[in-house]
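One structure is given below, encoded as C-alpha cells.
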Amino acid sequence: MFTAKDQNGRDVVVTRGNVAFLKARRDQYTCGCCAERLILKAGEINMPHFAHLASSKCRFASEGESERHLSGKKYFLEWLILQDRQADVEVYLRDIKRQADILVDGRTVIEYQCSTVPVQELRQRTEDYHMAGLCVHWILGQDIRMLKGRYYLTAFQQAFIKKEPNLGYYLMQYLPEVNRWTVLYHITMDTTNRFYARAMTFDGRVGVSVIKKALERIKYATFYVKRDLAFERQKQCYFYTRFKKQSGFLKDVYEQGYYLQHLPMEVGVSLPMQFRVKTPAMEWQFYLWNLFFRTLGVGDSFGMASVLPIFEKQVVRMPLIWDEDREGLCLAYLQFLCKQGILRTNGAGSYTMMRQMTESVNEEARFLDV
C-alpha cells in the first residue's frame, strides 16, 4: 500500500521521490483502516510501499500485494491526474469499511485485481460500493493465455466478463510491465475455458477519451461457429462413460429408458452463453426436453414463463461480479430451436411447437450453425 498516517494523523503517500525524506523523518506510520503499525519498505528493486507486520490481522493486509498491483495503482493514479481528473489512491470508505484502489471524482471506484480470490468477495465489494452510491469498474491484472487463435480464460477471469450492446461480452485488462490496455470483445465460447474474441489494444499513455471513441465505433457481431453435432455427441458420450459414470444425470437418462448416444441431436448443444453456468449443456437441455418439450404436441403453444422454472431448477450458475439477465441462456436455446425448425416464435415470449425432437440412431454427421 502507498498510503499511511503519520504520528500527527496526517495522510502520507510514499513515492520514489519522497521515500528518502520519509525514511529520514523516522516517524511511526499506521494504517488508516485498522490503525496498526506499518513498515516503510524501500529497496533498490521493488517499488517503495508501506506494509503491515506479519502478525497483522487487518483485512487489507491478508490479501498481500504484488509488485504488479502496486505498479498498476501507481499508473491509474498518475494516468487520471494527467487528464485533470480528481483521483486518490487507497481511499478508506468508513461507512462500508472498504478500501478502494482508486477513487475518481469522488463517485467512481477503479479496482485493479491481480490475485485470484473468491469471486463472491469481489461481488460483495461491488454491492457495498453500489450501496454507498459509487460506480465501480473492475480491471483484470492477470495474464491471459492464447493458443491457436483462442483465449484460455480461467473461471476467475470469466467472472470479469461483462455484457454491453455493441461490445457483446467483453473484459478489460491492463498490464503495467508493457504499459498496455487490452479490451477483449465479442467474446464467444468454444469449449469450457476456450473462447473466440476480438482484441483491441491501447498504449497506456492514451487518454480515456481515446479509448471511449475507439470502443464506440465497434458494432455488435458474433463469431460464425459451425459444429459437428454427431462428433460432439461422441465426445460427450466418452466423457460421461469415462469420468461421470456414476452421476445422477446418467442414472436419470438410463432410468427413463434412453441411451446418451441416442438423445436428440438438439440436446447437448454448446451455445455461446454456456460459460455463464456450471451445468453442462447436455444435462440441462436433456431435462428441458424430457420434462417439458417431450410432453408437447405439434401445434401446442407455450410461454417463456412455462419453461423458465424448469431451466432455473436444473442449472447452477457461475459466480459473477455483476448481476446479469437470468433468462439469457434459456432464451438463446429457444432461439436455437426456432432456427432448427423445432419451434416458431409468436412474439411477446410465446412459442409454438412445429415438430418434435426425435431420438437419433446411427445418424451421420450433422452440421448446425450455433
Side-chain angles (χ1 to χ4, degrees), residues 1-3 33 46-47 49-52 58-80 87-93 96-104 107-132 134-146 151-164 167 169-185 187 193 195 197 199 201-202 204 208 211 275-276 317-324:
M1 59 195 305
F2 293 122
T3 59
C33 307
N46 292 334
M47 190 173 298
H49 63 282
F50 294 104
H52 286 80
C58 179
R59 63 188 299 186
F60 303 107
S62 61
E63 295 180 3
E65 194 161 19
S66 65
E67 185 70 12
R68 174 178 284 187
H69 190 240
L70 288 168
S71 299
K73 289 193 297 185
K74 178 176 180 291
Y75 161 77
F76 289 121
L77 180 65
E78 295 174 348
W79 181 63
L80 290 163
D88 298 287
V89 67
E90 297 170 351
V91 178
Y92 183 60
L93 306 168
I96 57 175
K97 297 181 180 178
R98 294 288 182 186
Q99 180 170 280
D101 282 346
I102 305 290
L103 182 62
V104 188
R107 60 178 181 271
T108 301
V109 171
I110 293 179
E111 287 286 350
Y112 185 54
Q113 192 66 35
C114 300
S115 60
T116 299
V117 299
V119 175
Q120 184 56 39
E121 166 63 18
L122 306 188
R123 182 179 179 87
Q124 187 60 57
R125 281 155 66 177
T126 300
E127 292 175 355
D128 290 344
Y129 288 135
H130 288 166
M131 187 172 62
L134 299 170
C135 173
V136 57
H137 298 286
W138 287 92
I139 311 298
L140 182 64
Q142 296 183 349
D143 294 315
I144 296 175
R145 191 161 62 99
M146 186 179 185
Y151 293 92
Y152 284 69
L153 300 174
T154 66
F156 178 74
Q157 292 170 342
Q158 291 175 37
F160 286 73
I161 298 176
K162 204 172 181 180
K163 194 172 186 181
E164 195 270 344
L167 298 178
Y169 285 108
Y170 75 99
L171 68 78
M172 302 193 73
Q173 175 203 48
Y174 174 75
L175 299 178
E177 295 87 349
V178 291
N179 194 24
R180 184 183 66 217
W181 286 88
T182 299
V183 181
L184 297 183
Y185 63 98
I187 296 174
N193 62 345
F195 296 82
T201 60
F202 301 92
V208 176
I211 297 176
F275 71 98
R276 286 314 205 190
R317 296 185 179 274
M318 291 290 287
L320 303 175
I321 298 176
W322 299 278
D323 286 328
E324 195 170 273

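The closest donor-acceptor contact from the side chain of Q158 to the backbone of L153 lies under 3.5 Å.
Separating the CG atom in L171 from the CD1 atom in I187 is a distance of 4.5 Å, to the nearest 0.5 Å. C114 contributes atom SG, which lies 8.5 Å from atom CG of L175 (distance to the nearest 0.5 angstrom). Going from atom CD of Q113 over to atom CZ of R125 covers 5.5 Å, rounded to the nearest 0.5 Å. If you take CD on E90 and NZ on K73, they are separated by 3.5 Å, rounding to the nearest 0.5 Å. In this structure, CG on L77 lies 7.5 Å from CG on D88, to the nearest 0.5 angstrom. Q120 CD to I321 CD1: the interatomic distance, rounded to the nearest 0.5 Å, is 11.0 Å.
With a 4.5 Å cut-off on side-chain heavy atoms, T154 and T116 do not count as touching. Here the side chains of Y174 and N179 are in contact, with some heavy-atom distance below 4.5 Å. Counting heavy atoms from C-beta outward, I144 and L184 have side chains that approach closer than 4.5 Å. Inter-residue side-chain proximity for R68 and D143 is flagged as met; some heavy-atom pair is nearer than 4.5 Å. Using a 4.5 Å heavy-atom threshold, the side chains of L167 and K162 count as separate.
Inspection of the E111 and T126 side chains reveals no N or O donor paired with an N or O acceptor under 3.5 Å.
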Next on the checklist: As a quick check of understanding, evaluate side chain to side chain contact (heavy atoms under 4.5 Å, CB included) for Y112 and I102, giving each step before the final call.
Outcome noted: CA-CA 9 Å; Y112 185 54; I102 305 290; over 6 Å; no
Next on the checklist: Let's go through Q157 and L140 carefully: what are the C-alpha distance in whole Å and the side-chain angles of both, what is the deciding distance for side chain to side chain contact (heavy atoms under 4.5 Å, CB included) to 0.1 Å, and is it a yes or a no?
Outcome noted: CA-CA 8 Å; Q157 292 170 342; L140 182 64; 4.0 Å; yes
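Of the charged side-chain nitrogens involved, none lies within less than 4.0 Å of a carboxylate oxygen, so that K74 and E67 do not count as a salt-bridged pair.
P118 pairs by the side-chain contact (heavy atoms from CB on, under 4.5 Å) definition with nothing, not counting sequence neighbours.
The aromatic rings of W181 and F76 sit perpendicular to each other, their planes meeting at more than 60°, with 30° as the lower class boundary. Ring planes of F156 and F160: perpendicular class, angle over 60° (limits at 30 and 60°).
Of all non-hydrogen atoms in T108 and L134, the two that sit nearest each other are N-CD2, 4.4 Å. A pairwise comparison of heavy atoms in A199 and T182 identifies CB-CG2, 4.5 Å as the closest pair. Counting all heavy atoms, side chain and backbone alike, V109 lies closest to A100 at CG1-CB, 3.7 Å.
Taking the six-membered ring for Trp and the full ring otherwise, the centers of F275 and Y169 sit less than 6.0 Å from each other. Between Y129 and W322, the distance separating the two ring centers is not shorter than 6.0 angstrom.
When the options R98, K97, R123 are evaluated for a side chain to side chain donor-acceptor pair (under 3.5 Å) with D128, the one that passes is R98.
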